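Chain naming here is simple, since letters A, B, ... match the order of the sequence lines and numbering starts at 1 in each. No experiment lies behind these values; they were computed from the predicted model shown.
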Protein chains: 2
Amino acid sequence: MSDKTTASQAERKRGEGVKFVYDILRDDILDLVLPPGSPIDEVQLAERLSMSRTPIREALVRLAGEGLVTTLPNRSTVVSNIDFLNLHTFFDAMTLMYRVTTRLAAQFRTDADLVAIRARQADFAHAVEAHDALAMIATNRDFHARIAEAGRNPYYTGLFCRLLDEGRRILRIYYSSFDDRLPRRYVIEHEDIIAAIEARDVEAADRLASAHADQIVRQIQDLIARDRRQQITL
Amino acid sequence: MSDKTTASQAERKRGEGVKFVYDILRDDILDLVLPPGSPIDEVQLAERLSMSRTPIREALVRLAGEGLVTTLPNRSTVVSNIDFLNLHTFFDAMTLMYRVTTRLAAQFRTDADLVAIRARQADFAHAVEAHDALAMIATNRDFHARIAEAGRNPYYTGLFCRLLDEGRRILRIYYSSFDDRLPRRYVIEHEDIIAAIEARDVEAADRLASAHADQIVRQIQDLIARDRRQQITL
DNA sequence: TCAAATTTTCTTGTCGACAAATAAAATACA
DNA sequence: TGTATTTTATTTGTCGACAAGAAAATTTGA
């Protein structure tokens with residue numbers, strides 16, 4: 001389990017209990033520390049975090065609302081499965097949100113947005129140079145989430161972040177197969193997107209985001225196909 | 001408050017408590033029985049529904065996840081406000097989801113979907129004939145939600161339903177101003193959309209959904225403008 | 001030996017109670 | 001009279017406990 005759990009022994013402030021459990025579980029689910037299908041035992045969690053079951057249940061309700069966890073009535077709650085059969089719906093929504101949020105960012109971004117976006121891009125470039133696949137996944141997510149924020153449509157941002165998180169989970173499965181050639185292309189594509197947003201060029205932003213999304217979708221599909229071949233050869 | 005609350009005296013089955021409160025609160029919020037800003041007293045609710053605070057809190061957490069309720073730490077939870085200043089983000093997302101879901105429905109619908117969609121349209125037409133504005137809002141929502149389901153992308157369906165619900169709240173404010181000429185146009189537009197979905201004509205479905213969305217957005221904007229003028233004359 | 005029925009164990013959903021945090025009321029002070 | 005401070009009251013967040021359901025284990029019967 002996550003290392004943070006051991007630090008939980010320290011006394012927590014009142015009203016932060018739910019958020020505390022929520023964050024731990026969420027991280028563990030997205031990092032696949034808790035892989036899909038893992039049962040979540042309330043009692044066990046309660047004594048490990050040295051708190052009552054009440055805040056844990058509320059955190060679980062919240063996670064269930066985001067689809068990260070599935071609650072079977074009167075039976076255990078488990079980490080939601082990844083629906084590999086219908087991944088195309090995920091890719092479709094992902095691509096659309098990439099486009100829409102980047103468009104809006106080009107339209108509504110402020111200078112402060114640009115600064116923040118560039119900071120995330122720096123983090124991403126750093127992760128790529130360090131060949132740290134996990135950090136790449138996380139920083140890429142933050143980069144695009146920040147662009148979405150600059151677009152200032154909370155409905156899109158909400159769905160997009162959910163999709164990015166789900167993507168984090170999917171990529172995490174195949175992260176071992178990463179090579180270092182493709183990511184460099186991503187860095188350049190990010191730079192192009194930033195340039196379009198800075199120039200307030202909506203159409204260019206749309207085109208670039210679309211291409212970028214296709215790129216990512218293709219990579220994931222390649223990783224899945226490669227993985228499938230490996231499983232067959234074994 | 002909702003009439004259903006009185007029926008709550010009857011004994012409920014174990015495991016349905018949360019859903020019970022959730023449904024009641026959700027309906028009351030969307031029907032503006034609980035207008036934006038209304039405080040929600042856990043204790044009061046608990047004794048009114050004759051149950052403990054635990055399931056009520058869990059229902060509130062769920063509602064907070066959907067943005068229908070806002071929880072101020074250590075203070076009361078209130079019904080979320082409608083952000084009239086940023087309604088354009090709502091309209092934008094709404095229009096996009098209308099288009100995307102209708103497109104996908106034209107692409108993936110089954111015959112069973114068509115039957116179900118037609119049934120919803122019948123309900124809608126009935127509500128229009130009866131000049132029942134509230135029923136119109138509800139049946140219109142169900143009609144489009146069913147189309148979204150036929151599109152088979154749960155990410156889109158999820159966001160779309162949220163938007164439709166929020167729209168239900170907004171329309172509810174102005175429902176008194178409805179006239180009976182516009183709705184008939186809606187019925188015809190619905191029929192056209194159904195025809196496009198049946199013919200699997202993706203482009204036509206997109207075009208019609210787009211026009212339909214614009215129509216609805218324009219109507220809401222008109223209602224708001226009219227309301228504003230009335231407020232000034234008063 | 002295997003299947004059906006029964007018992008046991010375990011987990012969840014709900015409850016009532018308590019303490020911290022905040023809001024409201026009351027008091028003191030200028 | 002109006003403002004600052006203390007006191008009271010209300011409401012939330014958390015806790016431990018209990019009972020209903022479901023799964024696992026056991027027994028019974030063929």
Quiz item: Is the shortest distance from a Lys or Arg side-chain nitrogen in B:D113 or B:R152 to a carboxylate oxygen in the other one below 4.0 Å?
Solution: yes
Practice problem: Would you kindly give the NZ-to-C1' distance between A:K13 and D:dT12, to the nearest whole Å? | Solution: 18 Å
Exercise. Can you tell me the distance, in whole Å, between the CG atom of A:D41 and the P atom of C:dT9?
Key: 18 Å
Quiz item: The side chain of B:R53 lies closest to which of these nucleotides: D:dA17, D:dC15, D:dT12?
Solution: D:dT12
Quiz item: Any N or O donor-acceptor pair linking the side chain of B:R14 to the base of C:dT14 at under 3.5 Å?
Solution: no
Quiz item: Out of C:dT12, D:dG16, D:dT12, which nucleotide sits closest to the side chain of A:S52?
Solution: D:dG16
Quiz prompt | NZ/NE/NH1/NH2 to OD/OE distance under 4.0 Å, B:E166 and B:R169 | solution = yes
Quiz item: How many Å lie between CD on B:E42 and P on C:dA17, as a whole number?
Solution: 17 Å
Quiz item: More 5' along DNA chain C: B:T54 or A:V43, using each one's nearest nucleotide?
Solution: A:V43
Quiz item: Hey, mind stepping through A:T89 and A:N86 against side chain to side chain donor-acceptor pair (under 3.5 Å) and telling me if it holds?
Solution: CA-CA 6 Å; A:T89 67; A:N86 290 47; 5.4 Å; no
Quiz item: Starting at the 5' end of DNA chain D, which residue's closest nucleotide do you reach first, B:T77 or A:M51?
Solution: B:T77
Quiz item: What is the distance from CG of A:L49 to C1' of D:dT14, rounded to the nearest Å?
Solution: 14 Å
Self-check item: Ion pair B:K19/B:D23, N-O distance below 4.0 Å
Solution: yes
Quiz item: Taking for each residue the nucleotide of DNA chain D bearing the nearest heavy atom, is the 5' side occupied by A:N74 or by A:V18?
Solution: A:V18
Quiz prompt | Presence of B:R75 side-chain N/O under 4.0 Å of C:dA23 phosphate oxygens OP1/OP2 | solution = yes
Quiz item: When you measure from the side chain of A:P55, which nucleotide among C:dC15, D:dT12, D:dC15 comes out closest?
Solution: D:dC15
Practice problem: Send over the distance from B:I56 CD1 to D:dT11 P, rounded to a whole Å. | Solution: 14 Å
Practice problem: Give A:I40 one of three labels, base, sugar-phosphate or nothing, depending on what nucleic acid heavy atoms sit under 4.0 Å from its own. | Solution: sugar-phosphate
Practice problem: Please work out whether the ring planes of B:F124 and B:H190 are parallel, tilted or perpendicular, with thresholds of 30° and 60°. | Solution: tilted
Exercise. Return the value, rounded to whole Å, for the distance between atom CD of A:Q44 and atom C1' of C:dC10.
Key: 13 Å
Exercise. Would you kindly give the CG-to-C1' distance between B:L72 and D:dT11, to the nearest whole Å?
Key: 12 Å
